[in-house]
**Q** 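Structure incoming, see below.
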Amino acid sequence: MKRQTFFKMLLMAGGAILLLPQRLSAKSSNKKPKLTPKQLARTPATKPGEVPNFASGMLDSDMSGLGPDGKPTGQRATFTGTSKANAKAEEAMAHKMKLTPEEQAILDGRDGEEKAKLMKILVQFGNIFGAEQLVDLGGAPHSNMFIGAGYMASMIKMLDQCARAGLKSYAPYTVNPRPYDVYNVQNNPKDMTLIYEGYPLQKELDYVHVRLGAPDLNYRTCACYLDEVGNAPEPGTYVAWAESSAVNYGNSVLGIRTNRNGAGMDLLQAMLGKAPKFGLMTDEGRQAKWLVEIKTSKEPDWGVIGTAIGRKVVEDIPYITGLDQYFEGGKVTPDNLHLLKAMGSATASSGAVGLYHVEGVTPDAKKLGRKLLVEGYKTYIIDDEEQKRIVDSFPNLWPEEDGDPTAAFIGCPHNTYHEVIKWGKMVTEALDKAGKKEAAIPVYMFMPNKVRDRAIKEYGELISRMKRAGMHATNMCSVSYAGMKGFSERVRGVTNSAKTRNYSSIRYFPDEILVKIIVTGKIPQGT
Ligand code: F3S
């Protein structure tokens, strides 16, 4: 599958999962071939009682693990963070969760027709994944419903109906960045036309969020856990988050308990304040099947090791050693959290990792140590050679392979305050050294407005120097920008985000090389 289509598929899969329980009930026809997303969208409504053709395809995906030889291992991912090898739709549906009298009353319509429908979906979702019970949610939700494209129409309509019925999230929630920024980046008629035609439902979606309980657009980000945004529930809290990088960071670094929810399932659970407990929400589901030993001779490239781990474990949980030396006293702080953000989001995008443990650093690992490893765990060693092998596997997807770069993309997941200041200093100092005022190519710095505002307040002079040098602060999603029609044909992008590389034609470089490219507009010889 092409990486560029994967991101869209993920959203579609979330949407499809939302519709699934209304349709699944009895016999399976899962011997039929899997459908492509396009075919899936055209699948006619099935009669009650029938399992639709695409149902079997929802229990896993075509994402495969890669062995040391770079060949697929045959392992499959469900994208929920809980593998169900060879799962069958009809078998999954046979399971029945226990409900409390209160939950049964909601299901029976006590709190209205809309809530009853949501509960029906949630119960069947839980049944499919073998949950024993629903749990009450705490903290605050995070939603990845951020694309107002036509293919999201049915989901947006359903959420609009919920909003009209007066339903709301149990707590104010955060939402992923919007897919475009017509103020700072796509501020030209051609791009704006593409955007308004490509995202005709953006206003409807934003309006849904306003009514369901999201704050204003200044809080839009995938890095909802940053101090400036403030969605960082206490360790052990059950929440329903969507957005692979946020789920991955939340489960691993914050110690919260959420599965990798599809788009829409996040809000459905938020409106009920409940989630089926399975997978990454359970002690058993948080155990590691892999011991990953980082043995590089110097600080690893965090995006590269994340890619390596994701490819290897797919959606199993890795217990990673050798990284505590980069976190003084085993503490994750605002100044070093970007390292785990970079590694984790790469594991979540090159594989489907929803949780990892770092020995001596992350909360579960601090508490339980190697007791987190299951019996018979497998071992994967990443040394200099393995790190190089992964880098060498990154293809050059530019149509003109030898062309010069035309734009730099920094901040996927969104930049932290520390990263913004670090990049501002690195680039402006390098420009000063080269006797230049402006970067050779535009630099897009992706960040929540709340981080931008803090940076302006505390480092106003640097931020204005960055602006003059051609570094643009934007609160949109990097990959959505790279997914714009015609983008890969006209932009030769460079990035330090393994996630952006994974989903686009943008090429990956380490920070020090990226700075040189930004200053000169050329890729250094021998890179
Ligand atoms: Fe965030 Fe978009 Fe990257 S949501 S993690 S900037 S793909």
Side-chain angles (χ1 to χ4, degrees), residues 3-11 14 79 142-149 152 173-181 184-186 199 202 205 209 214 217 219-226 228-229 231 241-253 260-263 266 302-303 306-307 310 337-338 340-354 407-416 419-420 423 443-452 472-484 487 493 495-506 508:
R3 294 291 178 192
Q4 291 94 322
T5 59
F6 174 73
F7 187 65
K8 189 170 155 189
M9 279 192 62
L10 205 58
L11 281 168
F79 291 120
H142 178 77
S143 170
N144 71 344
M145 279 286 291
F146 68 117
I147 293 185
M152 299 298 284
Y173 63 94
T174 46
V175 184
N176 262 13
R178 286 172 114 215
Y180 60 80
D181 177 357
N184 302 295
V185 183
Q186 295 129 320
Y199 302 111
Q202 199 67 39
L205 178 57
H209 283 309
L217 295 172
Y219 288 86
R220 287 291 177 94
T221 181
C222 39
C224 60
Y225 40 82
L226 298 181
E228 295 80 7
V229 180
N231 188 358
W241 281 15
E243 163 52 38
S244 69
S245 69
V247 166
N248 172 290
Y249 187 94
N251 270 325
S252 313
V253 185
R260 283 169 51 107
N261 291 293
D266 45 3
W302 296 84
T307 303
L337 74 83
H338 60 283
L340 294 177
K341 175 170 70 76
M343 181 188 76
S345 59
T347 68
S349 54
S350 65
V353 175
F409 297 76
I410 317 279
C412 166
H414 272 183
N415 282 302
T416 66
E419 287 179 296
V420 173
W423 272 96
V443 181
Y444 300 113
M445 300 287 299
F446 300 88
M447 67 189 85
N449 281 356
K450 288 284 161 189
V451 165
R452 177 204 63 191
H472 309 276
T474 171
N475 70 345
M476 72 165 151
C477 162
S478 158
V479 168
S480 301
Y481 181 30
M484 261 184 93
F487 178 96
T495 187
N496 66 343
S497 162
K499 177 168 181 175
T500 291
R501 184 213 70 80
N502 211 36
Y503 292 141
S504 74
S505 60
I506 299 177
Y508 183 85

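All ligand and atom numbering here is 1-based and tracks the order in the structure. Keep in mind that the numbers below use all heavy atoms, side chains included, and drop hydrogens, waters and symmetry copies.
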**Q** Can you check whether Y173 and H209 have ring centres sitting under 6.0 Å from each other?
**A** yes
**Q** Quick check: does H414 put an N/O/S atom under 2.8 Å from atom 1 (Fe) of ligand 1?
**A** no
**Q** Taking only heavy atoms of N176 into account, list the atoms of ligand 1 that are under 4.0 Å away from them.
**A** 4 (S)
**Q** Is there a heavy atom in S478 that sits closer than 4.0 Å to ligand 1?
**A** yes
**Q** Under 4.0 Å from a heavy atom of C222: which atoms of ligand 1 are those, numbered in the order shown and with their elements?
**A** 1 (Fe), 4 (S), 5 (S), 6 (S)
**Q** Of all residues at least two apart in sequence or in a different chain, which pass the side-chain hydrogen bond (donor to acceptor under 3.5 Å, both in side chains) check with T221?
**A** H414
**Q** H142 and side-chain hydrogen bond (donor to acceptor under 3.5 Å, both in side chains): which partner among N261, N176, N231?
**A** N176
**Q** Taking R220 first and then E243, would you say they form a salt bridge - that is, a charged N and a carboxylate O separated by under 4.0 Å?
**A** no
**Q** Hey, can you tell me if Y444 and F409 have their rings parallel, tilted or perpendicular (30° and 60° cut-offs)?
**A** tilted
**Q** In terms of relative ring orientation, are F487 and Y481 parallel, tilted or perpendicular, with 30° and 60° separating the classes?
**A** perpendicular
**Q** Closer than 4.0 Å to some heavy atom of V479 - which atoms of ligand 1 meet that?
**A** 7 (S)
**Q** Which atoms of ligand 1 sit under 4.0 Å from any heavy atom of C412?
**A** 3 (Fe), 5 (S), 6 (S), 7 (S)
**Q** Taking atom types as modelled, find out whether T474 and N184 have a side-chain donor-acceptor pair closer than 3.5 angstrom.
**A** no
**Q** Side chain, backbone, both or neither: which part of P177 has a heavy atom under 4.0 Å from ligand 1?
**A** side chain
**Q** Out of all atoms in ligand 1, which are within 4.0 Å of some heavy atom of S245? Include the element for each.
**A** 5 (S)
**Q** Give the contacting part of C477 toward ligand 1: side chain, backbone, both or neither, where contact means a heavy-atom distance below 4.0 Å.
**A** both
**Q** Which of the atoms of ligand 1 are close to P413, meaning less than 4.0 Å from one of its heavy atoms?
**A** 5 (S)
**Q** Who are the side-chain hydrogen bond (donor to acceptor under 3.5 Å, both in side chains) partners of S345, not counting sequence neighbours?
**A** none
**Q** Return yes when M476 approaches ligand 1 closer than 4.0 angstrom through a heavy atom, no otherwise.
**A** no
